[in-house]
2 protein chains.
Amino acid sequence: MTSDRDAKSTSRSSYHHGDLRQAVLAAALDVIAAEGPGGLSLRDLARRAGVSHAAPAHHFKDRPGLLTAIAAEGYGLLADTLEDASALRERGVRYVRFAVTHPAHFQVMFRPELLRADDPDLLAAKERASAALRTGVADLPDVPDARQAGIAAWSLAHGFATLLLTHNVTAAVGDRDPEEYFRSLAGLLFASQLPSPEGE
Amino acid sequence: MTSDRDAKSTSRSSYHHGDLRQAVLAAALDVIAAEGPGGLSLRDLARRAGVSHAAPAHHFKDRPGLLTAIAAEGYGLLADTLEDASALRERGVRYVRFAVTHPAHFQVMFRPELLRADDPDLLAAKERASAALRTGVADLPDVPDARQAGIAAWSLAHGFATLLLTHNVTAAVGDRDPEEYFRSLAGLLFASQLPSPEGE
DNA sequence: CCCTGAACTTGACACTGACAAGATTGCTCC
DNA sequence: GGAGCAATCTTGTCAGTGTCAAGTTCAGGG
């Protein structure tokens with residue numbers, strides 16, 4: 001990242017930054033992961049990128065604009081993560097993995113009051129993730145209401161992920177892998193319906 | 001509230017407000033429920049209470065102080081709600097009810113980066129709620145790891161509550177009572193262990 | 001070569017949280 | 001009943017923030 005920047009990249013001598021949008025996004029994710037969205041300062045992000053205080057606004061318009069871009073990116077990444085997982089339980093595990101590996105995205109995605117709800121990119125990405133989340137819920141045996149079963153699975157995964165990120169279950173999980181821990185949790189849901197505890 | 005205020009209450013003619021702490025807390029809960037903790041402005045709260053801009057600081061020190069007080073109150077209320085519920089599933093229902101009836105408290109309680117984690121009142125209230133949450137998990141039949149079962153139940157309730165407050169399951173729940181909806185969700189957890197779907 | 005639009009800068013305004021120092025008040029104790 | 005004292009609230013100020021408006025630099029195509 002420090003090699004080929006002579007032409008038009010992150011060198012601060014050039015008037016144009018070259019890749020400011022990405023730089024601001026990356027810095028924003030760092031800050032959010034460390035201090036939450038409340039700790040975000042557009043001026044601070046500009047400073048980190050070595051750029052004037054109003055430069056980020058040209059790419060994201062304003063604060064909601066930046067956070068909406070992050071949320072949309074997050075839903076896209078989540079959809080990517082979920083799409084090639086066959087079994088329902090495995091998708092739950094990947095949901096938890098996404099929250100752990102992309103905590104900043106995850107937080108912002110579920111703070112609607114910070115986002116521009118009608119943003120087309122956001123809506124599209126959210127719909128893609130939502131579709132990936134829904135697939136394969138109907139083929140569970142002995143589950144009367146498929147939609148309700150999907151909500152149950154989502155609640156379990158989302159709740160565990162949230163409690164994990166808010167340091168509310170760190171003691172219980174200990175030094176075990178959170179994904180593995182969730183895998184056993186998921187065994188308690190639909191316990192009677194699943195063929196066997198290992199049935200993946 | 002507008003009757004007996006001549007002596008020393010909310011009348012703006014008196015130098016002392018009389019009950020500023022409660023007034024600020026109430027106003028803060030309104031704002032947080034509507035716009036989240038990020039929309040909070042101490043100066044705005046002071047304005048609503050008809051008081052100078054620095055008055056709230058005397059009661060809560062600073063922003064984290066106010067939010068920590070709210071979180072502590074929330075954990076207390078949650079403990080009250082949970083303590084007189086016998087069955088595990090009923091405690092889950094009450095957890096959801098608490099989130100719906102006290103959305104501002106609920107949000108703040110699970111945003112550790114906004115709180116003063118070492119506040120004694122907060123720690124005490126949290127411990128009380130935590131104890132109320134744990135009781136009776138061990139007496140589930142056929143559940144090998146009680147702690148893990150507790151985490152699963154908490155995850156399910158917390159996830160559903162969170163998704164509810166972030167408007168992510170409003171379409172699925174429809175005009176049904178969220179508590180009733182959760183009651184059926186809870187039937188899917190420990191489905192094989194529970195004696196019967198209605199076994200309360 | 002110019003010119004047009006994108007990327008960025010500069011400057012300003014209203015607002016915020018926090019702090020310090022002073023004013024007012026109710027309570028207690030003599 | 002009056003003096004002092006601590007709690008409560010005010011006033012003034014400071015650095016920092018988001019957002020807008022207007023100007024500057026720059027790259028690429030006619």
Side-chain angles (χ1 to χ4, degrees), chain A residues 5-28 31-32 34-70 108 111 113-116 119, chain B residues 4-28 31-32 34-70 108 111 113-116:
Chain A
R5 57 150 107 140
D6 291 40
K8 58 159 192 173
S9 189
T10 35
S11 160
R12 86 188 70 125
S13 60
S14 70
Y15 191 95
H16 282 28
H17 180 282
D19 200 13
L20 183 60
R21 188 184 161 92
Q22 284 306 316
V24 168
L25 278 176
V31 174
I32 294 173
E35 321 172 34
L40 243 185
S41 153
L42 296 187
R43 289 175 109 105
D44 180 49
L45 297 181
R47 242 172 274 135
R48 293 182 185 228
V51 120
S52 91
H53 63 87
H58 191 271
H59 291 275
F60 301 103
K61 169 87 177 169
D62 54 10
R63 217 161 178 286
L66 169 60
L67 293 171
T68 300
I70 291 177
V108 174
R111 261 177 198 43
E113 75 274 13
L114 303 179
L115 307 179
R116 216 177 297 282
D119 181 85
Chain B
D4 57 281
R5 60 150 105 139
D6 291 41
K8 57 159 193 173
S9 189
T10 35
S11 161
R12 87 189 69 124
S13 60
S14 71
Y15 191 95
H16 281 27
H17 180 281
D19 200 14
L20 183 60
R21 188 187 162 92
Q22 284 306 315
V24 168
L25 277 176
V31 174
I32 294 173
E35 322 172 35
L40 244 185
S41 152
L42 296 186
R43 290 175 109 103
D44 179 50
L45 297 181
R47 244 172 273 136
R48 293 182 185 227
V51 119
S52 93
H53 63 86
H58 191 270
H59 290 275
F60 302 103
K61 168 85 176 170
D62 53 11
R63 216 161 177 286
L66 170 60
L67 293 171
T68 300
I70 292 177
V108 173
R111 262 177 197 46
E113 77 273 12
L114 303 178
L115 307 179
R116 216 177 298 282

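Heavy atoms only: backbone and side chains are in, while hydrogens, waters and symmetry mates are out. Proteins come first, then strands; the chains are lettered A, B, ... in the order of their sequence lines, and each starts at number 1.
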For A:Ala28, all residues meeting side chain to side chain contact (heavy atoms under 4.5 Å, CB included), sequence neighbours excluded: A:Leu40, A:Leu45, A:Leu66, A:Ile70

Global bending angle along the helix from C:dC1-D:dG30 to C:dC30-D:dG1, which compares the axes of five pairs at either end, to 10 degrees: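 Rounded value for the end-axis angle: 0°.
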
Please give, in whole Å, the distance from [N] [atom2] to [X] [atom1]?
{"X": "B:His58", "N": "D:dC9", "atom1": "NE2", "atom2": "P", "result": "8 Å"}
{"X": "B:Leu20", "N": "C:dT25", "atom1": "CG", "atom2": "C1'", "result": "15 Å"}
{"X": "A:His59", "N": "C:dA6", "atom1": "NE2", "atom2": "C1'", "result": "9 Å"}
{"X": "B:Arg116", "N": "C:dA18", "atom1": "CZ", "atom2": "C1'", "result": "12 Å"}
{"X": "B:Phe60", "N": "D:dC9", "atom1": "CZ", "atom2": "P", "result": "11 Å"}
{"X": "B:Asp19", "N": "D:dT8", "atom1": "CG", "atom2": "C1'", "result": "13 Å"}

Return the set of residues passing side chain to side chain donor-acceptor pair (under 3.5 Å) with [X] (not counting sequence neighbours), or none when no residue passes.
{"X": "B:Arg48", "result": "B:Asp44"}
{"X": "B:Arg111", "result": "none"}
{"X": "A:Arg63", "result": "none"}

Measure all distances between protein nitrogen or oxygen atoms and nitrogen or oxygen atoms of nucleotides 15-18 of chain D, and list the pairs falling under 3.5 Å.
{"from": "D:dT17", "atom 1": "OP1", "to": "A:Ser41", "atom 2": "OG", "distance (Å)": "3.3"}
{"from": "D:dT17", "atom 1": "OP2", "to": "A:Arg47", "atom 2": "NH2", "distance (Å)": "2.7"}
{"from": "D:dG18", "atom 1": "OP1", "to": "A:Leu42", "atom 2": "N", "distance (Å)": "2.9"}
{"from": "D:dG18", "atom 1": "OP2", "to": "A:Leu42", "atom 2": "N", "distance (Å)": "3.1"}
{"from": "D:dG18", "atom 1": "OP2", "to": "A:Arg43", "atom 2": "N", "distance (Å)": "3.2"}
{"from": "D:dG18", "atom 1": "N7", "to": "A:Arg43", "atom 2": "NH1", "distance (Å)": "2.5"}
{"from": "D:dG18", "atom 1": "O6", "to": "A:Arg43", "atom 2": "NH1", "distance (Å)": "3.0"}

So [Y] and [X], do their side chains get closer than 4.5 Å, heavy atoms only?
{"X": "B:Val108", "Y": "B:Leu115", "result": "yes"}
{"X": "A:His53", "Y": "A:Arg43", "result": "yes"}
{"X": "B:Leu20", "Y": "B:His59", "result": "yes"}

Closest approach of B:Arg116 to B:Pro64 (non-hydrogen atoms, all atoms of both residues): NH2-CB, 3.5 Å

